[in-house]
Amino acid sequence: MLGCSPSENGPFVRRSLVVLGVYVTVTAAVALGFIAKVIPGPLTIPAALLPIVPAAFFPFVLLDKLRDMDELQRKIQYEAMAFAFAMAALLTLSFGFLQEFANFPDVNWVWVWPVMGFLWMIGIVLGRRRYA
Amino acid sequence: MRNRLRELRAERAWSQADLADRLDVSRQTVNALEVEKYDPSLPLAFKLARLFGLPIEAIFSDESSAD
């Protein structure tokens, strides 16, 4: 992951898993709360946004990892993120036009990030090949 | 840019991982430098020069390498 060896990725993976674990737990708790209808009306918006609190730690975990990388790894990340950014723009624009003019269904916004993350991983693989 | 990193490393019987440790970079970065797919920053070039005890121009030449 992220273009480094497994040993170099150890702390990043551990910290990411902690963030992911708390995020999944909070998301499940919130979803159960909504399904069981135990969340009072005025708390609907804060409760719906609660999973973002643990997720908000991920950018800091990622930035720490980027700052630890050497110059080539950082360059690979930069190119991978540029690839993901541009490809996500193309995909979202395409889908937006298809929704507007070809009656494509609405898709939940939570899917935007997984798609971008997937494109980021593709960018890393391409970058690793380019400099291998 | 061309370089003599593989030759200099071999003279010292260091593995790519040994050189990576000494430079505080990843093994992948050492490999990319050796196969001339990546040109180092000036700080990294100076670090290499200090490590091998040679001037930078004795390690790198600005003759372009074939990609």
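Order of the sequence lines fixes the chain letters, A, B, ..., with proteins taken first and strands second; residue numbering starts at 1 for each chain. Values reported hereafter were calculated over all heavy atoms of this structure, with side chains retained and with hydrogens, waters and symmetry mates removed.
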task: Identify the heavy atoms of R130(A) and K37(B) that sit nearest to each other, and give their distance.
output: O-CD, 3.5 Å
- prompt: Do F60(A) and M69(A) share a hydrophobic cluster (ILVMFWY, side-chain heavy atoms under 4.5 Å, transitive)?
  reply: no
Residue pair E71(A) / S41(B): nearest heavy atoms and the distance that separates them: OE1-OG, 2.5 Å
field: Single-linkage hydrophobic cluster, 4.5 Å side-chain cutoff, V115(A) and V110(A) together
entry: no
message: Tell me whether V25(B) shares a hydrophobic cluster with M1(B), the cluster being built from Ile, Leu, Val, Met, Phe, Trp, Tyr side chains joined at under 4.5 Å.
response: yes
- prompt: Which heavy atom of I76(A) sits nearest a heavy atom of Q28(B), and at what distance?
  reply: CD1-NE2, 3.5 Å
- prompt: What part of P43(B) lies closer than 4.5 angstrom to a heavy atom of chain A: side chain, backbone, both or neither?
  reply: neither
message: So which atom in D70(A) and which in D24(B) form the shortest heavy-atom distance, rounded to 0.1 Å?
response: CB-O, 4.4 Å
Shared hydrophobic cluster, I59(B) / F46(B) (ILVMFWY, side-chain heavy atoms < 4.5 Å): yes
field: Joint cluster assignment, V22(A) & V30(A), ILVMFWY side-chain distance < 4.5 Å
entry: yes
